[in-house]
Amino acid sequence: VQLQAYGGGLVQAGGSLRLSCAASGRTLSMYAMHWFRQPPGKEREFVAAISWSSGTTYYADSVKGRFTISRDNAKNTVYLQMNTLKPEDTAVYYCAATRAISWSPRAMDYWGKGTQVTVSS
């Protein structure tokens with residue numbers, strides 16, 4: 001599976017962005033899809049995930065109520081809608097796939113290259 005995340009950019013605090021993660025090489029329908037982020041100088045951290053079967057979603061406490069993960073299996077694409085962005089959301093955002101939901105980056109089987117999100121105050 002090849003993953004490509006895009007949709008990042010520069011936005012003011014309080015603004016919104018939608019990230020997309022497009023897959024090729026294999027269907028995403030059997031994978032749990034995840035978004036991670038890596039702020040400058042920090043480790044990669046879990047943001048959100050969505051199961052492949054029921055579409056159940058999971059979020060880090062820091063983004064709960066502001067971010068929404070969704071998937072379109074027909075388009076082989078996963079989305080992360082980010083609202084009410086804060087400067088602390090600044091990071092490189094990565095999409096990742098594995099068979100089961102996990103909060104650990106080490107558990108991921110496939111990674112996209114990442115897209116930069118910068119939130120100015």
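A side-chain N or O of Ser54 and one of Thr56 form a donor-acceptor pair less than 3.5 Å apart. When only modelled atom types and interatomic distance are considered, Asn83 and Ser16 share a side-chain donor-acceptor pair under 3.5 Å.
Rounding to the nearest 0.5 Å places SG of Cys95 at 12.5 Å from NZ of Lys113. Within the model, atoms CE of Met108 and CZ of Arg99 stand 13.0 Å from one another, a figure rounded to the nearest 0.5 Å. Rounded to the nearest 0.5 angstrom, Leu3 CG and His34 NE2 are separated by 12.0 Å. Here the OG-CD1 distance, from Ser104 to Ile101, works out to 13.0 Å after rounding to the nearest 0.5 Å. With rounding to the nearest 0.5 angstrom, the OG atom of Ser24 is 8.0 Å from the CG atom of Asn76. Note that CD of Glu43 and CZ of Arg37 are 14.0 Å apart. Values are rounded to the nearest 0.5 Å.
Minimum heavy-atom separation, Arg71 to Ser51: NH1-O, 3.1 Å.
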Output side-chain donor-acceptor pairs under 3.5 Å for residues 114-121, partner residues at least two apart or in another chain, one line each.
unit_1: Thr115; atom_1: OG1; unit_2: Gly8; atom_2: N; d: 3.1
unit_1: Gln116; atom_1: NE2; unit_2: Ala91; atom_2: O; d: 3.4
unit_1: Gln116; atom_1: NE2; unit_2: Thr118; atom_2: OG1; d: 3.3

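For the pair Thr68 (side chain) and Gln81 (backbone), a donor-acceptor distance under 3.5 Å is absent.
The list of ring-ring contact (aromatic ring centres under 6.0 Å, His included) pairs with a residue in residues 49-100, not counting sequence neighbours, reads Tyr58-Trp103.
Under the rule for a side chain to side chain contact (heavy atoms under 4.5 Å, CB included), the partners of Arg66 that lie at least two apart in sequence or sit in another chain are Val63, Thr84, Lys86, Asp89.
Classified by interplanar angle (parallel below 30°, tilted 30° to 60°, perpendicular above 60°), the ring pair Phe46/Phe36 is perpendicular.
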